[in-house]
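Worksheet: one structure, shown below.
These figures come from a predicted structure and were not determined experimentally. Values below: every heavy atom of this structure, side chains too, minus hydrogens, waters and symmetry copies.
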Amino acid sequence: MRISTVQIFNNGLHNLLNQQAAVSKIQNQIATGKRINTAADDPIGASQIVVLKQNIAQTQRFQTNVDVAQGALELEESVLTNVTNGLQRLRELNVQANSTALNGGDRQAIAQELESLKQELVGLANSQDGSGRYMFSGYQSGSKTYISDGNGGYVYQGDQGQRELEISAGLVIPINDSGFNIFENIPNGNGDFSVSDPAGLNTGDAVVKSGSIVDSGSYVKETYTLSFVANASGDLAYQVMGSTSGQLVPALPAVTPAAAPAYKDGQAIVFNGIEMTITGQPNVGDDFQLQPSTGQSIFSSIDAMITNLLASQTTPSQRAAVQTQMNQSMAEIDQALDAVINVRTAVGARLNSLETASDINANFELHSRSTLSALEDLDLAEAITELNFQTITLQAAQQ
């Protein structure tokens, strides 16, 4: 086969251009410090680099979310610490108010401090973050958490939602808590049931403590009425009726009130898994009602405390009614404290999760960058040696 002069010239020119391209490629690699500058340099390596850079960018976004979440939760923890302090002071005032040595002026002073504490707690419930969002309004972070109803009370404006951020692959964490769970939905009474003189007509000086459930398996959630009667022996006795269970004390088939057990001051009364203690001297016809607990705001509880504190205490029965209500208020404050402590515990657990996620993100980014460097970065000494070789080859070809 004959080879023309033009073909020989074209082959030589093609080889010369390839060598120039090789030199140019190495010079570009040295200038950028990167082994792969285009997909053509290494198609497989280039695709791996794209994935690694995406992973690094995503991890950086996760880490930004970690920082945002940490700031939000640390601020919430600080606010809840102040709420806890306020509730502890509320508890101290309730103990102080239960003293029989107080006069009307003393009770008025305590009532004023209770009102101040209520306003302080409302202010904490309406706390805002650095972006001006209301921390405890759930998803409704643009709405003030509590607003006045115009009558001294406050109305919750938020919902029960929790805003969330993804802090690592597949791990989403709440960055706020709803005021509904912290301030609004606090069980009244002891959390299971509340005790009251529903008609307010008791004439004795009996005082009821908050009571408790000692056998949850026997407890039936219903309304109970404990009444004081005279039994067949003429003793002051008591009977208990359940709204659905019917006669409980004395147990059927005993006949009431004839067979009702005699009342003893300070003796525990037990029925349907409930234990309650009554002190003082009730009169025949007095009764107390136990109702299943319902949710109410801590601000409503404070209002009830103030009203009860300022109620008349001129007669033994009036003083007994105030003390019974104070026992209920103490139990409600404890319920509110438990609610705040539970949320603070959850916030602490989330902060621990953030710390773990931050470490995972940092390690993943470090590994990804190390792998990216191995794929992308240039071995400068090797590249310079290759450049010298290609330059000499090009010069020889040019000559």
Side-chain angles (χ1 to χ4, degrees), residues 94 97-100 102 107 188-214 218-252 254-294 301 304-332:
N94 191 73
N98 208 11
S99 171
T100 56
L102 297 180
R107 289 193 289 272
N188 64 354
N190 61 17
D192 295 308
F193 57 85
S194 63
V195 183
S196 65
D197 168 13
L201 299 177
N202 287 353
T203 58
D205 63 1
V207 176
V208 182
K209 295 185 178 180
S210 59
S212 62
I213 294 177
V214 293
S218 300
Y219 175 63
V220 178
K221 191 174 183 179
E222 60 178 315
T223 299
Y224 299 95
T225 301
L226 186 152
S227 305
F228 292 94
V229 296
N231 62 18
S233 301
D235 297 325
L236 177 66
Y238 64 92
Q239 61 185 31
V240 179
M241 298 286 183
S243 58
T244 58
S245 301
Q247 181 179 319
L248 297 170
V249 179
L252 291 172
V255 177
T256 188
Y263 165 76
K264 294 181 180 179
D265 185 355
Q267 183 180 30
I269 297 173
V270 180
F271 55 92
N272 269 22
I274 295 173
E275 181 177 286
M276 58 185 298
T277 302
I278 300 176
T279 57
Q281 187 65 31
N283 290 331
V284 172
D286 289 354
D287 59 26
F288 293 98
Q289 193 172 80
L290 285 70
Q291 292 183 310
S293 292
T294 57
S301 294
M305 289 175 64
I306 294 173
T307 300
N308 181 60
L309 182 61
L310 298 178
S312 175
Q313 299 188 39
T314 56
T315 67
S317 61
Q318 289 174 338
R319 287 194 293 273
V322 168
Q323 289 179 340
T324 294
Q325 182 55 46
M326 283 184 177
N327 289 338
Q328 298 302 299
S329 295
M330 181 65 77
E332 289 168 7

### Task
Quick one: list whatever passes side chain to side chain contact (heavy atoms under 4.5 Å, CB included) with Thr225, sequence neighbours left out.
Ser227, Asp287, Gln289
### Message
Looking at Ala97, is its backbone amide N or carbonyl O close enough to the side chain of Arg107 to form a donor-acceptor pair, meaning the two atoms are under 3.5 Å apart?
### Response
no
### Message
For Asp192, give me all partners under side chain to side chain contact (heavy atoms under 4.5 Å, CB included), at least two apart in sequence or on another chain.
### Response
Asn190, Ile213
### Query
Which atoms form the tightest heavy-atom contact between Ser293 and Ser194, and what is the distance?
OG-N, 4.1 Å
### Residues Ser317, Asp205; criterion side chain to side chain contact (heavy atoms under 4.5 Å, CB included); working and verdict
CA-CA 4 Å; Ser317 61; Asp205 63 1; 5.7 Å; no
### Query
Any idea which heavy atoms bring Ala259 and Ala254 closest together, and the distance?
CB-CB, 3.9 Å
### Message
Filter on ring pair (Phe, Tyr, Trp, His ring centres under 6.0 Å), then keep only pairs touching residues 311-331, sequence neighbours left out; what's left?
### Response
none
#### Entry: OH-CG distance between Tyr263 and Leu226, expressed to the nearest 0.5 angstrom
10.0 Å
## Note on the structure
Closest non-hydrogen contact found for Gly273 with Ser218 is N-CB, 3.8 Å
#### Entry: For Ser301, side-chain hydrogen bond (donor to acceptor under 3.5 Å, both in side chains) partners two or more places apart
Gln296, Glu332
### Task
Indicate yes or no for a side-chain donor-acceptor contact from Asn202 to the backbone of Asp286 under 3.5 Å, with no hydrogens or angles considered.
no
### Task
Would you name the heavy atoms of Ser196 and Pro198 that are closest together and state the gap between them?
O-CD, 3.2 Å
#### Entry: Pairwise side-chain contact, Thr294 with Asn188, heavy-atom cut-off 4.5 Å (strictly under)
yes
### Task
Give the intermediate values and the outcome of side chain to side chain contact (heavy atoms under 4.5 Å, CB included) for residues Asn98 and Asn327.
CA-CA 9 Å; Asn98 208 11; Asn327 289 338; 4.2 Å; yes
### Results of side chain to side chain contact (heavy atoms under 4.5 Å, CB included) for Lys221 - residues two or more places apart only
Tyr219, Pro292
### Task
Begin with the C-alpha distance, continue with both residues' side-chain angles, and end with the deciding distance and a verdict on side chain to side chain contact (heavy atoms under 4.5 Å, CB included) for Leu290 and Phe271.
CA-CA 12 Å; Leu290 285 70; Phe271 55 92; 4.0 Å; yes
Per-pair distances, 0.1 Å, donor-acceptor, side chain in residues 304-312, under 3.5 Å, sequence neighbours excluded:
residue : atom : partner : partner atom : Å
Thr307  : OG1  : Asp303  : O            : 3.0
Asn308  : ND2  : Val322  : O            : 3.1
Ser312  : OG   : Thr314  : OG1          : 3.4
Ser312  : OG   : Gln318  : OE1          : 3.1

### Interatomic spacing from OG1 in Thr223 to CD in Gln291 - rounded to 0.5 Å
4.5 Å
### Query
At their closest point, which heavy atom of Thr324 faces which heavy atom of Ala206, and how far apart are they?
OG1-O, 4.0 Å
### Summary
Sequence neighbours excluded, the answer for ring-ring contact (aromatic ring centres under 6.0 Å, His included) partners of Phe288 is none
### Query
Met241: what forms a side chain to side chain contact (heavy atoms under 4.5 Å, CB included) with it, not counting sequence neighbours?
Gln239, Gln247, Thr256
### Query
How many angstroms lie between OG in Ser210 and CD in Gln328, if you round to the nearest 0.5 Å?
6.5 Å
### Task
Write out all pairs satisfying side chain to side chain donor-acceptor pair (under 3.5 Å) with one or both partners inside residues 270-284, taking only residues at least two apart or from two chains.
Thr203-Asn283, Tyr224-Asn272
### Flag side-chain contact, heavy atom, 4.5 Å: Pro257 against Asn231
no
#### Entry: Donor-acceptor contact below 3.5 Å, side chain Asp235 vs main chain Ala262
no
### Task
Heavy atoms only: give me the nearest Gln323-Thr100 pair and the separation to one decimal.
NE2-CG2, 3.7 Å
### Task
Kindly indicate, with the supporting measurements, whether the criterion side chain to side chain contact (heavy atoms under 4.5 Å, CB included) is fulfilled by Tyr238 and Val229.
CA-CA 6 Å; Tyr238 64 92; Val229 296; over 6 Å; no
### Query
Do Thr244 and Glu222 have a side chain donor and acceptor closer than 3.5 Å?
yes
